[in-house]
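Working notes, beginning with the structure itself.
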Amino acid sequence: MGACMALCSLASCASCLCGSAPCLLCGCCPSSRNSTVTRLVFSFFLLLGTLVSVIMILPGMEAQLQKIPGFCQGASTIPGMENQFNCDVIVGYKSVYRMCFAMTCFFFLFSAIMVRVQSSKDPRAAIQNGFWFFKFLILVGITVGAFFIPDGTFHTVWFYFGVVGSFIFIVIQLILLIDFAHSWNKIWVGNAEEGNSKCWFAGLLSFTFLHYALAFTSGVLFYIYYTQPNDCTEHKVFISLNLIFSVIISIVSILPKVQEAQPQSGLLQASLISLYTMYVTWSAMTNNPNRKCNPSLLSLVSNVSSSEPTPTSAPGQVQWWDAQSIVGLVIFLFCTLYASIRSSSNTQVNKLMQTEEGGGYGGEGKVGEDGVRRAVDNEEEGVTYSYSFFHFHLCLASLYIMMTLTNWYQPDTTTQAMQSSMPAVWVKISSSWLGLGLYLWTLLAPLMFPDRDFS
């Protein structure tokens, strides 16, 4: 009898895995919307792949990965380079690249399939919102196949794919932060107008001051530790420009005309964007191959001289994890989850992110004939987000994870090692400038085009 009940339970789970998103998570969030649940499950796939990638670069895993036939020894197809890999270094790097390559292909496939889906009545919407077990099998199959890709120029070419994809994803991160800051300010100002105004306004002021204090303190520390009197000119320019840009967007956000056209703009948003900009600046400087301008955080904490050997001089001692990678992962997790559950009221951000205002809330979950409560389908009249763009966003996120976990190291086919590179520095800095420009646009667009609705 127990075996029969177990088989029935397994059959029920299997039907959910092959069915729709509401069935999959009905017990956890019975009043959720179909669109939200689907995005959460796809985000879970991304986070699962990220977790596997993290495990692959943990100390001690290289011995296990070397057991994969042909994955390290004898894997090189470059003439004269066979069996010259330092497996302890290269195997983690290769594993992360292949895992993230599989995730990128998986999400790009769905991005192409879901182009121009208009509502849940489209047959392709059933693929988007269901068949999770088969999707998981597809991801596993692509991952297994990725580990059989011959080396050749794969790592070098895929590095530049990662650079371009990460550039776009960093900009998207800033857009999501802008959206989060606008929503945060709107909610707290609304609460202040309805209840204890002193408490809520004090909270807004406190966080605004904290963000600015962290941002400008960071700038001062960057000048002290990441510049030299007769060197590091690029760093001096980066820090100075981004501090100036932060002051500019702060002033613009509180101009009377901007406040009149954009009532939700304020210093809270500008302070958060300034803090994120300084983080990107720091992240860029940590990829400078000049160790005089890029001391390790450990050496700064322990007051060790910054003239330590570079990763290229000691290829067997690559530092996979550092502070900026950990912070980058935390911000990535926040932005990914926020993109899955966001319901923005900001028209400009919705246009940039291909979502609808308000998210089309559909009410409480419905109880099916089998007595199981399921999330409601809120996309019968129209989708609340672009299926294709959402998968493209996860595709870019996979490339960003790849670059973050490998610390943006560039493969060196001469020494078979990884090293920091200036292209990574310029990609991060230019993405911060583009992001600041987008935020400035959200402030000035209502003034430049008064006949359009930017509310």
Side-chain angles (χ1 to χ4, degrees), residues 167-190 192 204-205 207-212 214-215 241-281 331-332 334-336 338-359 384-386 389-390 392-393 396-397 428-455:
F167 169 83
I168 302 174
F169 184 77
I170 292 174
V171 176
I172 291 178
Q173 277 189 332
L174 188 50
I175 294 174
L176 291 173
L177 285 176
I178 293 172
D179 182 33
F180 172 74
H182 278 301
S183 301
W184 183 3
N185 185 75
K186 180 179 179 180
I187 293 172
W188 281 30
V189 170
L204 285 172
L205 182 62
F207 277 100
T208 300
F209 177 79
L210 177 63
H211 294 157
Y212 276 126
L214 290 174
L241 284 179
N242 281 346
L243 283 174
I244 293 173
F245 292 155
S246 297
V247 173
I248 291 175
I249 64 172
S250 300
I251 295 175
V252 172
S253 66
I254 58 175
L255 290 177
K257 290 187 177 180
V258 173
Q259 288 282 312
E260 181 181 352
Q262 192 77 289
Q264 296 300 325
S265 67
L267 289 178
L268 177 65
Q269 298 94 310
S271 66
L272 186 60
I273 300 307
S274 299
L275 180 59
Y276 179 76
T277 299
M278 298 313 295
Y279 156 71
V280 176
T281 305
I331 295 176
F332 155 77
F334 167 79
C335 290
T336 301
Y338 183 69
S340 300
I341 63 176
R342 65 185 294 274
S343 179
S344 178
S345 59
N346 188 283
T347 305
Q348 297 180 73
V349 175
N350 282 326
K351 289 180 179 179
L352 290 170
M353 297 298 296
Q354 298 292 300
T355 55
E356 296 294 334
E357 182 175 352
T384 60
Y385 67 101
S386 170
F389 183 82
F390 175 71
F392 181 66
H393 167 246
L396 297 176
K428 293 181 179 182
I429 285 296
S430 57
S431 64
S432 72
W433 294 339
L434 180 58
L436 286 168
L438 286 174
Y439 177 66
L440 191 61
W441 168 256
T442 64
L443 299 176
L444 298 179
L447 294 177
M448 298 173 63
F449 303 98
D451 296 333
R452 297 185 183 181
D453 181 17
F454 290 99
S455 59

Aromatic rings Phe390 and His393: how do their planes relate, parallel, tilted or perpendicular, breaks at 30° and 60°?
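Phe390 vs His393 ring planes: tilted.
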
Under 3.5 Å, is there a donor-acceptor pair between the Asn242 and Thr277 side chains?
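Side chains of Asn242 and Thr277: no pair found under 3.5 Å.
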
Judged by modelled atom types alone, do Tyr212 and Ser250 share a side-chain donor-acceptor pair under 3.5 Å?
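A donor-acceptor contact under 3.5 Å links the two side chains.
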
For the residue pair [X] and [Y], establish whether any side-chain heavy-atom pair is separated by less than 4.5 Å.
X	Y	answer
Tyr439	Ile175	no
Tyr276	Gln173	yes
Phe245	Ser432	no

Could you tell me which non-hydrogen atom of Thr281 sits nearest to which non-hydrogen atom of Ile429, and how far apart they are?
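That would be CA-CD1, 4.1 Å.
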
Heavy-atom pair of closest approach, residues Lys428 and Val280:
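It is O-CG1, 3.2 Å.
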
Around Phe167, counting heavy atoms of other residues, nucleotides and ligands shown, do more than 12 lie under 6.0 Å from its CZ?
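Counting other residues, nucleotides and ligands, CZ of Phe167 exceeds 12 neighbours.
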
Atom CZ of Phe209: over 12 foreign heavy atoms under 6.0 Å
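Counting neighbours around CZ of Phe209, 12 or fewer heavy atoms of other residues, nucleotides or ligands fall under 6.0 Å, so no.
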
With rounding to the nearest 0.5 Å, note down the distance linking CD1 in Ile273 to OG1 in Thr442.
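So the CD1 of Ile273 and the OG1 of Thr442 are separated by 8.5 Å.
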
Between the main-chain N or O of Phe207 and the side-chain N or O of His211, is there a donor-acceptor pair closer than 3.5 Å?
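Answer holds: yes.
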
